[in-house]
Engineer: 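This is the structure I have questions about; it appears just below.
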Amino acid sequence: EIIDVKLRDNYNNDSNLIQITLDTYRIYFLGDSIMAGQGHSEDRMFSELLSRHLQSQHPDIGVYYTNLAHSGATIESDSGNNYSNLDKEIPRSFPSIKSQLNSIINSSSIINQNVEHIIMDGGINDMEIMTFLKPSTSQQELATKLSQITNLAEQYAYGSMKQLLHKIAQNFPSTNVIVVGYYQVISNKSVAMRLVADYLSYHVSPFLPLGQSIPMLTGFSFSTVVKQCQHAKDELNRCNLKAVVEMNASLSSNQFKFVI
């Protein structure tokens, strides 16, 4: 942390202004709802828990963190509307993860060099989550969706993520960067999701306008959602990891790490 200091003698004469650097630990969190800690109280969010742990390990220095992540954030596109004043629990694409990164790049390279960690995720919202949450009605439709998921993961979790990492390497060359992977959104253990869908289908559908309904999740359709979610998780993590590995290889370093 850089601060401005002046010394004053007994005759109230001030010295020239000098800058000194205090030993600090600074972390930025960038990404979507996973990184934002959606659904948790602030004292239980990952960013807060990590900062408290680091403070306990480094009691003699200040540990500072800024969490810019929010629900619905995409890597690439902004909506064009500035919703940055909304609560991070409210889903929206803006500010994108690219915009979050731009907001922390300082014109002073000295300040950028004093960022210890950038912890981030990204890619799932660029894919549009309903791509894998909407049930498939046939094996052919399932196969098409799985292929679509792979293509979207390559485009965003690999391509867009790698561009993001490249920009970080240019502006934060001494910062350790951790890319956090995704978990499976719905699995065979997601009994509550199945029960809610069936309840809505049975109790709500009769009150919807003519021709509209909430479909029952049959055994087959629920299994397609599970397969799509598993495939999305695997492809997102595979592509994020590929971006990290290739960036490290291009830099001949281990600046970037991927964790699940």
Side-chain angles (χ1 to χ4, degrees), residues 1-5 18-71 73 75 84 87-89 95 97-124 157 161-162 164-184 233 236-237 240-241 243-249 251-260:
E1 182 177 8
I2 300 173
I3 62 172
D4 295 327
V5 176
I18 59 174
Q19 284 191 332
I20 64 173
T21 302
L22 299 179
D23 195 11
T24 58
Y25 206 106
R26 184 167 294 282
I27 313 168
Y28 286 105
F29 295 87
L30 312 177
D32 52 39
S33 57
I34 305 300
M35 197 55 53
Q38 186 164 6
H40 294 283
S41 59
E42 189 165 349
D43 65 319
R44 297 301 301 167
M45 289 179 179
F46 165 65
S47 52
E48 177 65 22
L49 294 173
L50 178 60
S51 68
R52 290 209 303 261
H53 171 74
L54 290 171
Q55 188 66 77
S56 70
Q57 300 299 306
H58 305 278
D60 298 329
I61 65 174
V63 176
Y64 305 97
Y65 79 88
T66 303
N67 191 342
L68 298 173
H70 64 85
S71 178
I75 296 176
S84 55
D87 189 278
K88 63 176 60 181
E89 300 270 337
I97 303 170
K98 186 180 292 185
S99 293
Q100 294 170 29
L101 173 61
N102 289 337
S103 73
I104 68 171
I105 297 174
N106 197 286
S107 57
S108 168
S109 60
I110 296 176
I111 293 178
N112 293 338
Q113 289 169 10
N114 284 280
V115 175
E116 273 69 31
H117 287 295
I118 293 176
I119 304 176
M120 59 185 294
D121 67 353
I124 193 169
M161 176 61 75
K162 189 175 179 180
L164 208 59
L165 300 184
H166 180 72
K167 189 164 189 176
I168 291 174
Q170 288 180 317
N171 292 278
F172 300 92
S174 59
T175 298
N176 293 307
V177 182
I178 300 174
V179 178
V180 180
Y182 289 96
Y183 56 82
Q184 187 169 334
K233 180 261 295 183
L236 282 163
N237 292 340
N240 277 173
L241 175 60
V244 165
V245 169
E246 290 185 6
M247 277 303 304
N248 283 335
L251 298 170
S252 300
S253 75
N254 289 308
Q255 180 182 6
F256 299 94
K257 294 178 176 60
F258 176 78
V259 298
I260 302 177

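We're numbering straight along the sequence, starting at 1.
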Engineer: How many angstroms lie between NZ in K257 and CG in L241, if you round to the nearest 0.5 Å?
Structural biologist: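 Here the rounded value is 13.0 Å.
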Engineer: Which heavy atom in S99 sits nearest to a heavy atom in P95, and how many Å separate them?
Structural biologist: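 Shortest heavy-atom contact: CB-CB, 4.0 Å.
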Engineer: Please name the pair of heavy atoms, one in V179 and one in V244, separated by the smallest distance, quoted to 0.1 Å.
Structural biologist: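 Minimum heavy-atom separation between V179 and V244: CG2-CG2, 3.8 Å.
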Engineer: So, N248 side chain and F256 main chain: donor-acceptor pair closer than 3.5 Å or not?
Structural biologist: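 Judged by distance alone, yes, a pair lies under 3.5 Å.
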Engineer: Not counting sequence neighbours, which residues clear side-chain hydrogen bond (donor to acceptor under 3.5 Å, both in side chains) with E246? List them please.
Structural biologist: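 Once residues adjacent in sequence are excluded, the partners of E246 under the side-chain hydrogen bond (donor to acceptor under 3.5 Å, both in side chains) criterion are Y158, K162.
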Engineer: Would you give the length of the straight line joining atom CD1 of I75 to atom CD1 of I124, rounded to the nearest 0.5 angstrom?
Structural biologist: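 Output value for this atom pair is 11.0 Å.
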Engineer: Taking atom CG of N176 and atom NE2 of H117, what is their separation to the nearest 0.5 Å?
Structural biologist: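 Spacing of CG (N176) from NE2 (H117) equals 5.0 Å.
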Engineer: Going through the distances and angles, do Y182 and I34 end up as a side-chain contact (heavy atoms from CB on, under 4.5 Å)?
Structural biologist: CA-CA 8 Å; Y182 289 96; I34 305 300; 4.0 Å; yes
Engineer: Within the side chain of Q38, is there an N or O that forms a donor-acceptor pair under 3.5 Å with the backbone of S71?
Structural biologist: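 Between the backbone of S71 and the side chain of Q38 there is no qualifying donor-acceptor contact (under 3.5 Å).
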Engineer: Which residue, Q55, R26, E116, forms the side chain to side chain contact (heavy atoms under 4.5 Å, CB included) with Y64?
Structural biologist: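 Filter result, single survivor: R26.
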Engineer: Would you compute the distance between atom CG of L236 and atom CD of Q184 and round it to the nearest 0.5 angstrom?
Structural biologist: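 If I round to the nearest 0.5 Å, the distance is 11.5 Å.
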Engineer: Applying side-chain hydrogen bond (donor to acceptor under 3.5 Å, both in side chains), can you list everything that pairs with N102, at least two apart in sequence or on another chain?
Structural biologist: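 With sequence neighbours excluded, N102 shows a side-chain hydrogen bond (donor to acceptor under 3.5 Å, both in side chains) to K167, given in chain and number order.
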Engineer: Between E48 and R52, is the closest basic N to carboxylate O distance under 4.0 Å?
Structural biologist: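 Yes, charged N to carboxylate O under 4.0 Å.
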Engineer: For the atom pair OH (Y28) and OG1 (T66), what is the distance rounded to the nearest 0.5 Å?
Structural biologist: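 It is 5.0 Å, given to the nearest 0.5 Å.
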Engineer: Write down the atom of Q100, the atom of A73, and the distance for their closest heavy-atom approach.
Structural biologist: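 Closest pair (atom of Q100, atom of A73, distance): NE2-CB, 3.7 Å.
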Engineer: State, to 0.1 Å, how close M161 and A157 come at their nearest heavy-atom pair, and which atoms those are.
Structural biologist: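 Minimum heavy-atom contact is CB-O, 3.1 Å.
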Engineer: Report the distance from atom CE of M35 to atom CD1 of I97, rounding to the nearest 0.5 Å.
Structural biologist: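 Going from CE on M35 over to CD1 on I97, the span is 9.0 Å.
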Engineer: Please enumerate all residues that pass salt bridge (charged side-chain N to carboxylate O under 4.0 Å, His left out) together with K233, with sequence neighbours excluded.
Structural biologist: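 By the salt bridge (charged side-chain N to carboxylate O under 4.0 Å, His left out) rule, K233 matches no residue at all.
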Engineer: Counting the benzene-type ring for Trp, do Y65 and Y25 have ring centres under 6.0 Å apart?
Structural biologist: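 Judged by ring-centre distance (under 6.0 Å), Y65 and Y25 do not meet the cut-off.
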Engineer: Yes or no on side-chain contact (heavy atoms from CB on, under 4.5 Å) for F172 and V177, after CA distance, side-chain angles and deciding distance?
Structural biologist: CA-CA 9 Å; F172 300 92; V177 182; 6.0 Å; no
Engineer: If we ignore angles and hydrogens, is there a donor and acceptor under 3.5 Å between the side chains of N237 and Y183?
Structural biologist: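 Checked: N237/Y183 side chains show no N/O donor-acceptor pair below 3.5 Å.
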Engineer: Heavy atoms only: give me the nearest L30-A69 pair and the separation to one decimal.
Structural biologist: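 Minimum heavy-atom separation between L30 and A69: C-CB, 4.0 Å.
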Engineer: If we ignore hydrogens and angles and just use 3.5 Å, is the side chain of S47 paired with the main-chain N or O of N67 as donor and acceptor?
Structural biologist: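 Not at all, since once roles are kept as given, no pair shorter than 3.5 Å links the two residues.
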